[in-house]
Student: 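Sharing a structure, written as structure tokens. Questions coming.
Quick caveat: nothing in here was measured; it's all calculated off a predicted structure.
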Amino acid sequence: MLRTAEAGDATAGRVQRLERRLARQVSAREEAESLLEQKSLELYALNCRLTELNAELEQRVRERTAELEAERRHALELAQRDVLTGLHNRRMFREHLESSLQQAGGGGTPAVLAIALDGFKAINDMLGYAAGDEVLKAVGQRLRDCGHNSDIVARLGGDEFAILRPAVGQRRAAAGLADRVLQALRPPLQIRGHVLVVGASIGIALADEEAGCPDRLLQNAAIALYGAKAGGRGGWKLFHPEMDAELQARRALEADLRGALARSEFELMYQPLVDAGHGATTGFEALLRWHRPGRGMVPPGEFIPLAEETGLIRQIGAWVLERSCADAAGWASSIKVAVNLSPVQFQGGTLVGAVRHALAASGLPASRLELEVTESMLLQDTEATLGTLHQLRALGVGISMDDFGTGYSSLSYLQRFPFTKIKIDRSFISGLAQERSSLEIVRAVVSIGRALRMTILAEGVETEEQLRLLRSEGCDEVQGFLLGRPARNTQLLKAACASGSAHSFSMAAVPARVMACSSPAR
Amino acid sequence: MKGLVFTEFFRHVEARHGADMVDDVIEAADLPHDGGYTSVGSYPFPEMVALVVACSRLTGTPLPELLDAFGTHCFERWVHYAPQFFSRQRGLFDILEGINDFHETEVRKLYPDAELPSFMTEQRSGQRLVLGYHSCKPLSALAVGVIKGAAAHLGQRVAIACEPAEGDGGAYTRITIDLRDNPDAPHR
């Protein structure tokens, strides 16, 4: 009985123990479930936060990608553009040219216009690079404005520009574009208080079977440009294969010109300036001639532009001054010598010194030297030029305005520059007897000259009728074949001797006899 | 203290003394709750102290010996959980020095807030390794059990000595392990 009761107690105890164990396990499980739920909620919250962060990150990546893309585009733009003008650069121009050559078909062929500014170096030299840059920018804008939207306008470097017209129907269209470019560049630029006239020369090359690659086309345009410059600037030339030969010839000319001074190949001829009233010779204009070995006499128009372009004109000009002053020193004391100056001689600040040296070396009084300048020179940099002219004037030399009436003929130049003489261009004289307008212009210039106390000289007088009219209009001096052709100094001296006086020249003696044995006129 | 230590302790007691002893120890510890523990929970350290003391009393096992045996159990469980950390190809000293890595990589995955002890090498030669045992709890006997478990895992005889030490971070226990030659010892 006792044993049964003990067994029952043990069983009950066992059951209770198992119940407590079960209760512990249940509570542990419930706690684990609760922790699991808590963790799940935490994970959910974390996941939400991660999703948010991910979205933010993606947004930042998108923004950064856009920034990088913009930067990439900007860098590409810089690599493709000329920084100063914003135009395409040479590399991009070439690429566009290449692709338009590949696409060229029925719509027409690509045309390249190579454009170089005339006298840009002088602007840089005299007004500084900042002004030069402004000129380039302004030119770039004008070029951009004068073409089609499909044209590719580029700055190739320095003052070289180019336009690619992907498809021109005919040559005439390219020429028309060149005309428009020249016209667009014509109006004066206002740069830093200066009024600058920037001309340009253009070479045109059209793609054809022979010039089907970009480099060849660019080269042809450059050759045509060279031809345009050689042809007197301010115009355009269309490339033709002979131009290559011309270019070679021009290079040979330049090589010969460089040594011409040292080889004493230059010579001065003198054309008389005559008093319109009593016919006495008042002076001679020195005219430069070049005896090129194996080629004979080279006209000034062929080598002077090249000499100016290469800067050789400074040395040549200094020689002309020295030689002409020395020659004039041997003439009668009433006879002056007139020497032409190139605009290039005004650059670099050595002109006054060269004049002073020529006078001192020859002993020629300054009052017997006249320096002839053209209007185009005055357009360059009026302040600096004005200063130089005043210095020259202060030396006592005369200053003549040459070819008056052909350029801007601005009366303000006459007022501002210290001219002593105006030379009326031959174009007005040739029509004097036929055109009333020429006579009126001559009359007006004479009256202006009188008012400003300047001597008036008429160039290119070839007939007695012209001389008579000029005399009646009150023109002071005349020059031309009627009065005398250019002659060597030795001929002048011989003629003077023959006329009976080693120190005087007369209209009767010089033209009639001297010119009979003179060399051909210019 | 992480619940895992409690559940491993109960697993150890059950293996040595049976399931009823676990009930008895829990009841004798006079806990403020019914003694339900889950491995992922966290519980006050004094509860562990009460359980260990109760177990020592009920089984007649001295406390250091009890902790020593539990330490060995813990090491065996680690081997079971992450055998790659405790390859028998590695030497004992490498394994002991790798315990910190095991804690930081494997244990933190599941218990990021666990307060883990660390074994810092102070000196090592071919035959001797001196470790600094740093823990916020006075369980160096358990650490010695872990080392013994590792030695047994590799069949390596060792002599282990403990001494109190003082460092920048305060008091800790310095444990010196010397290898004893016994190349033919069977795997224990």
Student: With a 6.0 Å cut-off (strictly less than), is the heavy-atom count around CE of Met48(B), excluding the residue itself, greater than 12?
Tutor: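 Result for CE/Met48(B): enclosed.
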
Student: Surrounding CZ of Arg62(A) (heavy atoms of other residues, nucleotides or ligands, distance under 6.0 Å), is the total greater than 12?
Tutor: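 Check passes, neighbour count above 12.
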
Student: Passes side chain to side chain contact (heavy atoms under 4.5 Å, CB included), Val40(B) versus Glu31(A)? Steps please.
Tutor: CA-CA 9 Å; Val40(B) 291; Glu31(A) 191 192 353; over 6 Å; no

Student: Around atom NZ of Lys39(A), are there more than 12 heavy atoms from other residues, nucleotides or ligands closer than 6.0 Å?
Tutor: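 At most 12 heavy atoms, drawn from other residues, nucleotides or ligands, come within 6.0 Å of this atom.
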
Student: Work out which heavy atom in Arg14(A) is nearest to a heavy atom in Asp20(B); give both atom names and the distance.
Tutor: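 Closest approach of Arg14(A) to Asp20(B), heavy atoms only: NH1-OD2, 2.7 Å.
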
Student: So, for Ala28(A) and Thr38(B), which heavy atoms are closest and what is the spacing to 0.1 Å?
Tutor: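 In this case the closest contact between Ala28(A) and Thr38(B) is O-CB, 3.7 Å.
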
Student: Within a radius of less than 6.0 Å around CD of Glu33(A), do more than 12 heavy atoms belonging to other residues, nucleotides or ligands occur?
Tutor: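 More than 12 within 6.0 Å, yes.
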
Student: Heavy-atom count check: over 12 atoms from other residues, nucleotides or ligands less than 6.0 Å from Arg90(B) CZ?
Tutor: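 Counting other residues, nucleotides and ligands, CZ of Arg90(B) exceeds 12 neighbours.
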
Student: Drop me the distance from Ile26(B)'s CD1 to Arg21(A)'s CZ, to the nearest 0.5 angstrom.
Tutor: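 Going from CD1 on Ile26(B) over to CZ on Arg21(A), the span is 9.0 Å.
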
Student: Tell me the closest heavy-atom pair linking Ser27(A) and Gly36(B), and the distance in Å.
Tutor: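 Here Ser27(A) and Gly36(B) meet closest at OG-CA, 3.5 Å.
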
